[in-house]
Amino acid sequence: MKAKLYPILALLVSVACQDASSPSALLSNDATANAADNASFVQAERLGNPLVSEVMVVKRRHQLYNYDQPRTDVATWTGDVVGFITGVAGRDAAYANVIAGALLPDMLVTYPKRDGTPVFWLSWVFGGYGGRSLSDDVVDIGLGALFGSLLGNNNNVTPGLTTDNVATNDRAFQATFPYLATAH
């Protein structure tokens, strides 16, 4: 089993170590992870940025979204994201397009020069470095961007929708890799 994980870890490390100025630069690396025994892996779900799939993609299109690839996200999913932000969140189209530009392509972008401010997982498009730590409250940050004034837009905010009211993880993170809390 461990031998099958090494090619995947190598792929993740090689992609993470690239010096790209934007997530779109990473899209040209369409690598398929195959183990030494030629086992292939099928993508069943994808959740790069919080709230994109779970909240902003139209429900009837979730299965298509799950099997889609980041290289087509901007063309295929911008309408869903902008539609949610303008329709449900009631924000203006310009703001919705900026948020869609930060969330699509839907992949976790991490830059090692990350500022300690948690909002920066969303803000590479605003000149930040991206990335996030395990303890960042990404749902509250996302809700704050969609419904609040987190990113400086004070037009049509809905303060009651800016938090999920979950303050902390119910299990402590581990001090060593893989750092995630134990499953329960």
Side-chain angles (χ1 to χ4, degrees), residues 15 18-30 43 45-169:
V15 171
Q18 293 180 18
D19 184 20
S21 59
S22 75
S24 58
L26 298 175
L27 295 178
S28 62
N29 299 326
D30 263 357
Q43 176 175 297
E45 181 90 34
R46 65 185 185 118
L47 299 167
N49 287 308
L51 307 178
V52 174
S53 173
E54 306 93 319
V55 175
M56 292 181 261
V57 170
V58 175
K59 260 316 175 211
R60 71 178 179 276
R61 293 170 26 107
H62 271 222
Q63 192 67 5
L64 174 62
Y65 181 83
N66 284 332
Y67 290 107
D68 204 0
Q69 298 295 315
R71 70 177 170 270
T72 62
D73 281 357
V74 173
T76 307
W77 304 106
T78 297
D80 286 37
V81 173
V82 169
F84 178 86
I85 297 169
T86 57
V88 176
R91 307 309 283 270
D92 62 71
Y95 184 74
N97 280 302
V98 169
I99 296 296
L103 296 175
L104 297 172
D106 185 12
M107 51 190 206
L108 183 57
V109 178
T110 305
Y111 295 106
K113 299 175 185 174
R114 180 184 186 275
D115 181 307
T117 308
V119 74
F120 278 174
W121 72 267
L122 176 62
S123 68
W124 64 265
V125 83
F126 305 104
Y129 291 106
R132 67 185 192 208
S133 68
L134 288 174
S135 60
D136 289 350
D137 192 341
V138 294
V139 172
D140 278 7
I141 293 167
L143 292 172
L146 293 173
F147 295 103
S149 57
L150 181 67
L151 298 177
N153 184 336
N154 293 313
N155 298 327
N156 202 24
V157 298
T158 311
L161 297 177
T162 59
T163 182
D164 61 3
N165 293 307
V166 177
T168 60
N169 194 19

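Note: hydrogens, waters and symmetry copies are ignored here, and every other heavy atom, side chains too, is used.
Partners of Ala93 under the side chain to side chain contact (heavy atoms under 4.5 Å, CB included) rule, at least two apart in sequence or in another chain, are Thr86, Asn97.
For Leu143 against Leu51, the heavy-atom pair with the smallest separation is N-CD1, 3.7 Å. Residues Asp106 and Asp73 share a closest heavy-atom pair of N-OD2, 2.7 Å. Closest non-hydrogen pair, Ile85 versus Leu146, comes out as CG1-CD2, 3.6 Å. Between His62 and Val58 the shortest heavy-atom distance is CD2-O, 3.4 Å. When all heavy atoms of Leu47 and Ser53 are compared, the closest pair comes out as CD2-CB, 3.7 Å. The shortest non-hydrogen separation linking Ala100 to Thr78 is CB-CG2, 4.3 Å.
Within the 4.5 Å cutoff, no side-chain heavy atoms of Pro105 are placed close to those of Arg71.
Residues in residues 50-61 take part in these salt bridge (Lys or Arg N to Asp or Glu O under 4.0 Å) pairs, two or more places apart or across chains: Arg61-Asp80. Within the structure, salt bridge (Lys or Arg N to Asp or Glu O under 4.0 Å) pairs that include any residue of residues 146-156 do not occur (at least two apart or interchain). Residue pairs satisfying the ring-ring contact (aromatic ring centres under 6.0 Å, His included) criterion with at least one member in residues 65-93, sequence neighbours excluded, are listed as follows: Tyr65-Trp77.
Atom CE of residue Met107 and atom CZ of residue Arg46 lie 10.0 Å apart, to the nearest 0.5 angstrom.
The closest donor-acceptor contact from the side chain of Thr163 to the backbone of Asn165 lies under 3.5 Å. Using modelled atom types, one side-chain atom of Asn49 and one backbone atom of Leu103 make a donor-acceptor pair closer than 3.5 Å. Checking side-chain atoms of Asp140 against main-chain N and O of Asp164 turns up a donor-acceptor pair under 3.5 Å.
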Run the side-chain donor-acceptor check on residues 150-157: report pairs under 3.5 Å with partners two or more places apart or on a different chain.
residue, atom, partner, partner atom, Å
Asn153, OD1, Arg91, NH2, 3.4
Asn153, OD1, Asn155, N, 2.8
Asn156, ND2, Gly90, O, 2.4

Side chain to side chain contact (heavy atoms under 4.5 Å, CB included) assessment of Val139 paired with Asp137: CA-CA 6 Å; Val139 172; Asp137 192 341; 4.2 Å; yes
